[in-house]
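Notes follow once the structure below has been shown.
For the single chain, residues carry numbers from 1 onward in sequence order. Please read these numbers as outputs of a predicted model, since none were measured by experiment.
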Amino acid sequence: MNRITNCRSLLLTLPAALLVVAGCGGGADTATVHGSVTFEGQPVEYGIIDFTLANGNGFSAPIESGEYSVTKGATGEATVRFTAQPKPPEVSSREELEQMAGQKQPPVKPIPPDHPKQGTKVTIRSGSNQLDFDL
């Protein structure tokens, strides 16, 4: 009897759960967005590129060796912001992390928040988009 009740509960809640999951996409088109980011003529070694759409949704991607790539990004008009930061160390153990704690990271030239290209407006279309940024 308990097994029948559990199956009935599952059958009643499964359609509702599927509707919730289907609603997450909102039926919106998705895009692949990729490209390069340079700052003062040099590739941004490591950082973040952030796309914010007019509706407040958005997505971001890491920048590594001047390149970034996003799959399943949202489409529409977006504002782009850039951040350069030190690359997180790749460590395999706690001991290795503790050894690195005292070491200084090489300085990273920050991309100023008031840089003229911060807040660049772009249009992201369904499909593949190559967007290169020279800051």
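The aromatic rings of His115 and Phe39 lie perpendicular to each other, with more than 60° between the two planes, well past the 30° mark.
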Would you check, one step at a time, whether the test side-chain contact (heavy atoms from CB on, under 4.5 Å) holds for Asp134 with Val37?
CA-CA 6 Å; Asp134 183 20; Val37 181; over 6 Å; no
Please determine whether side-chain contact (heavy atoms from CB on, under 4.5 Å) holds for the pair Tyr46 and Ile63, giving the CA-CA distance in whole Å, both sets of side-chain angles, and the decisive distance to 0.1 Å.
CA-CA 5 Å; Tyr46 191 80; Ile63 303 167; over 6 Å; no
Does Thr79 form a side-chain contact (heavy atoms from CB on, under 4.5 Å) with Thr120? I'd like the steps, not just the answer.
CA-CA 6 Å; Thr79 302; Thr120 296; over 6 Å; no
Verdict with reasoning, Leu131 to Phe51, per side-chain contact (heavy atoms from CB on, under 4.5 Å)
CA-CA 11 Å; Leu131 300 172; Phe51 296 87; 4.2 Å; yes
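Minimum interatomic distance between Ser69 and Ala61 (heavy atoms only, all atoms of both residues): O-CB, 3.8 Å. Contact between Thr75 and Ser126 at its shortest, heavy atoms only, is CG2-N, 3.5 Å. Nearest approach of Ser60 to Val70, heavy atoms of both residues: O-CG2, 4.2 Å. The minimum heavy-atom distance linking Asp132 with Gly35 is given by the pair OD1-CA, 3.3 Å.
Counting only heavy atoms from C-beta outward, the side chains of Phe133 and Ile49 approach each other to under 4.5 Å. The shortest side-chain heavy-atom distance between Val33 and Tyr68 falls under the 4.5 Å cut-off. With contacts defined as side-chain heavy-atom distances shorter than 4.5 Å, the pair Ile111/Leu135 qualifies.
Side-chain atoms of Asp50 never come within 3.5 Å of backbone atoms of Ile48 as a donor-acceptor pair (strictly under, hydrogens ignored). Between the side chain of Gln118 and the backbone N or O of Phe82, at least one donor-acceptor pair lies under 3.5 Å.
Side-chain contact of His34 with Thr71: a donor-acceptor pair under 3.5 Å is absent, judged by distance alone. A donor and an acceptor atom, one from each side chain of Ser36 and Glu67, are nowhere located under 3.5 Å apart. No hydrogens or angles considered: nothing links the side chains of Thr30 and Lys72 as a donor-acceptor pair under 3.5 Å.
The side-chain contact (heavy atoms from CB on, under 4.5 Å) with Glu77 is formed by just one residue from the set Thr123, Leu53, Ile124; it is Thr123.
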